[in-house]
*Asks:* 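Below are the structure tokens for one structure; questions will follow.
In what follows, residues are counted from 1 in the order of the sequence shown.
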Amino acid sequence: MIVLVRGLTGRRKKKKKQAELYKLEVFSKIFVAIINDRKTHSDYCEAAVQMAKVCWPYFDPEYENLSVRINPPRVSVDNTSCNDCTLVKVDSVNKPGILLEVVQVLTDLDFIITKAYVSSDGGWFMDVFHVTDQQGKKITDVKTIDYIERVLGPKGYTTDGMKNCPGKRVGVHSFGNHTAIELIGRDRPGLLSEISAVLANLHFNVTVAEVWTHNRRIACVLYVNDDTTSGAVDDPNRLSIMEEQLKHILRGCEDDDNVARTSFSMGFTHIDRRLHQMLFADRDYEGGGVTTELDYHPPSFKPKITVERCEEKGYSVVTVRCKDRAKLMFDIVCTLTDMQYVVFHANISSNGPHASQEYFIRHMDGCTLDTEGEKERVVKCLEAAIHRRVSEGLSLELCAKDRVGLLSEVTRILRENGLSVRRAGVSTVGEKGVNVFYVRDAYGNPVDAKTIEALRKEIGHTMMLNVKKDPASTKAPEAETSGWAKTSFFFGNLLEKFLA
């Protein structure tokens with residue numbers, strides 16, 4: 001009897017293996033037939049459907065969202081419980097990356113998160129965020145509140161819902177078709193000017209761009225279109241020429257191809273998160289020079305990060321204390337997520353200019369940070385994430401009529417005046433191109449007043465220029481204080497001045 005059962009079991013396994021081989025064989029034949037006959041995509045889909053009916057069992061495509069449909073997220077925007085801020089409460093079924101999705105939505109709306117309480121034990125996710133706008137006021141705009149409830153609500157957490165969330169992606173201002181370019185390499189003075197000059201010479205118009213530098217590395221995400229068609233660039237020859245020229249510029253005098261990388265995409269991406277991912281993959285947290293970006297920061301920018309073990313609950317506790325700024329929580333949560341850590345609980349608070357953030361985490365495999373090497377790596381990566389967006393010193397905010405070569409012209413003027421771009425944001429609002437540059441001189445020192453006056457004389461006739469210094473910088477020249485209350489990419493006031 002035992003022999004018979006074993007024999008039946010063996011035959012079942014053999015039949016199952018034969019079925020799998022049959023599926024692969026059928027699929028291969030269909031694929032080869034499509035190539036040889038040059039059938040259309042619809043022919044392929046029809047054949048695949050017929051094959052699926054014969055070879056595979058049916059699975060309901062809505063099964064993935066079953067838990068969300070049974071227990072839909074509950075989102076409330078409360079303006080009555082607190083006198084000085086708005087409370088955004090989110091309760092939903094827990095899933096990987098949900099905390100980052102929520103924080104990303106709030107930061108993309110340029111909200112300031114003053115406090116937050118996060119709990120996601122037991123398969124349920126419960127968050128409370130205390131938020132204000134950039135002027136420290138409550139969120140009272142009806143359309144904004146409706147947007148939050150819609151995006152973070154049941155429709156937003158379906159597969160298609162999060163794709164429709166505009167966030168900080170191309171499409172927010174209806175740019176139309178575009179090509180996304182990602183660049184990463186070794187930074188040097190004037191590099192952004194050379195990159196934009198190549199794009200202008202090849203007749204590409206830069207509609208959106210963001211540039212970060214850290215530890216002598218530069219990461220750029222640029223969205224370009226053809227200057228004649230205003231559509232995406234799909235000519236492989238033009239893209240190949242552009243890639244080769246950009247790689248040549250990024251390599252500089254070095255022959256190693258690993259020093260610089262370029263990539264192209266026709267889709268959407270969240271710019272800030274992608275920049276974090278690019279620099280993290282580039283291991284910018286390891287430094288690499290005698291003088292690094294960290295040396296330019298005042299002591300107040302130095303974050304204090306500790307990693308301890310919570311024996312009672314089996315968590316690793318990451319505590320971050322540093323100077324508060326916009327999007328600080330997003331940068332930290334984004335980095336922890338990219339490092340494959342899961343945040344189970346968090347307590348976020350800000351006291352005046354300082355922020356205190358505490359995260360209870362485990363690795364995705366359930367393990368805690370037990371070795372000193374793991375703890376040191378987390379500390380270094382979080383320090384790098386915090387410093388990538390720190391904008392000490394001087395910011396130059398420019399607005400002009402959009403045209404091909406505008407970015408190339410502006411960056412050329414900055415380079416000729418001995419200025420090095422530490423961070424930059426480029427946007428197109430209607431027919432206006434709006435650029436924000438955080439600059440220092442070529443040696444990393446604050447910009448002197450004479451250089452600023454020279455800039456005003458050179459570009460003041462064709463562009464609206466607003467100069468602003470960061471309060472933490474004591475060496476930068478006096479600057480106009482009208483316009484932005486905080487250091488961030490806001491273009492409303494500058495556009496009003498330009499259009500007046």
*Asks:* Taking the cut-offs as 6.0 angstrom to the six-membered ring centre and 45 degrees off its axis, would you call Arg423 and Phe437 a cation-pi pair?
*Replies:*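 No - Arg423 does not lie over the ring of Phe437 by the 6.0 Å and 45° rule.
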*Asks:* Between Phe330 and His270, how do the two ring planes meet: parallel, tilted or perpendicular, split at 30° and 60°?
*Replies:*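 The rings of Phe330 and His270 sit tilted, inter-plane angle from 30° to 60°.
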*Asks:* Going by the salt bridge (charged side-chain N to carboxylate O under 4.0 Å, His left out) test, which pairs reach into residues 331-341, not counting sequence neighbours?
*Replies:*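 Matches after skipping sequence neighbours: Arg273-Asp338, Arg325-Asp331, Asp331-Arg389.
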*Asks:* Below 4.0 angstrom, N of the basic side chain to O of the carboxylate: do Glu286 and Lys380 qualify?
*Replies:* no
*Asks:* Name all residues meeting the side-chain hydrogen bond (donor to acceptor under 3.5 Å, both in side chains) criterion together with Thr107; count only those two or more places apart in sequence or in a different chain, and write none if there are none.
*Replies:*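 Once residues adjacent in sequence are excluded, Thr107 has no partner under the side-chain hydrogen bond (donor to acceptor under 3.5 Å, both in side chains) criterion.
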*Asks:* Salt bridge check: are Glu244 and Lys247 linked by an N-O gap of less than 4.0 Å?
*Replies:* no
*Asks:* Just to verify, what does Thr319 make a side-chain hydrogen bond (donor to acceptor under 3.5 Å, both in side chains) with, not counting sequence neighbours?
*Replies:* none
*Asks:* Quick one: salt bridge (charged side-chain N to carboxylate O under 4.0 Å, His left out) partners of Glu194, sequence neighbours excluded?
*Replies:*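 So Glu194 forms a salt bridge (charged side-chain N to carboxylate O under 4.0 Å, His left out) with Arg188.
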*Asks:* How would you list, by chain and number, every residue that makes a salt bridge (charged side-chain N to carboxylate O under 4.0 Å, His left out) with Glu308, sequence neighbours excluded?
*Replies:* none
*Asks:* Heavy-atom distance under 4.5 Å between the side chains of Leu183 and Ile218, does that happen here?
*Replies:* no
*Asks:* State plainly whether the residues Arg274 and Glu182 are in salt-bridge range, i.e. N to O under 4.0 Å.
*Replies:*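 Salt bridge present between Arg274 and Glu182.
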*Asks:* Output all residues satisfying salt bridge (charged side-chain N to carboxylate O under 4.0 Å, His left out) with Asp127, sequence neighbours left out; order by chain, then residue number.
*Replies:* none
*Asks:* In chain order, what residues pass the side-chain hydrogen bond (donor to acceptor under 3.5 Å, both in side chains) check against Arg321, with sequence neighbours excluded?
*Replies:*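 In terms of side-chain hydrogen bond (donor to acceptor under 3.5 Å, both in side chains), with neighbours along the sequence ignored, Arg321 is linked to no residue.
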*Asks:* What pairs with Glu453 under salt bridge (charged side-chain N to carboxylate O under 4.0 Å, His left out), at least two apart in sequence or on another chain?
*Replies:*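 Per chain and number, Glu453 pairs via salt bridge (charged side-chain N to carboxylate O under 4.0 Å, His left out) with Arg456.
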*Asks:* Side chain to side chain contact (heavy atoms under 4.5 Å, CB included) with Asn205: which residues, sequence neighbours excluded?
*Replies:* Thr207, Asn225, Asp402, Val404
*Asks:* For a quick check under 3.5 Å, do Ser356 and Ser349 share a side-chain donor-acceptor pair by atom type?
*Replies:*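 Ser356 vs Ser349: no donor-acceptor pair found between side chains.
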*Asks:* Can a salt bridge be assigned to the pair Lys138 and Asp84 using a cut-off of 4.0 Å between side-chain N and carboxylate O?
*Replies:* no
*Asks:* Just to verify, what does Phe360 make a ring pair (Phe, Tyr, Trp, His ring centres under 6.0 Å) with, not counting sequence neighbours?
*Replies:* none
*Asks:* Could you tell me if Asp324 and His354 have a donor-acceptor pair between their side chains, going purely by distance under 3.5 Å?
*Replies:*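 No, no side-chain donor-acceptor contact under 3.5 Å.
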*Asks:* Sequence neighbours left out, what passes side-chain hydrogen bond (donor to acceptor under 3.5 Å, both in side chains) with Asp441? Give chain and number order.
*Replies:* none
*Asks:* Just jot down the ring pair (Phe, Tyr, Trp, His ring centres under 6.0 Å) partners of Tyr341, sequence neighbours excluded, or say none.
*Replies:* His363
*Asks:* Using a strict threshold of under 4.0 Å (side-chain N to carboxylate O), is an ion pair present between Asp282 and Arg217?
*Replies:* yes
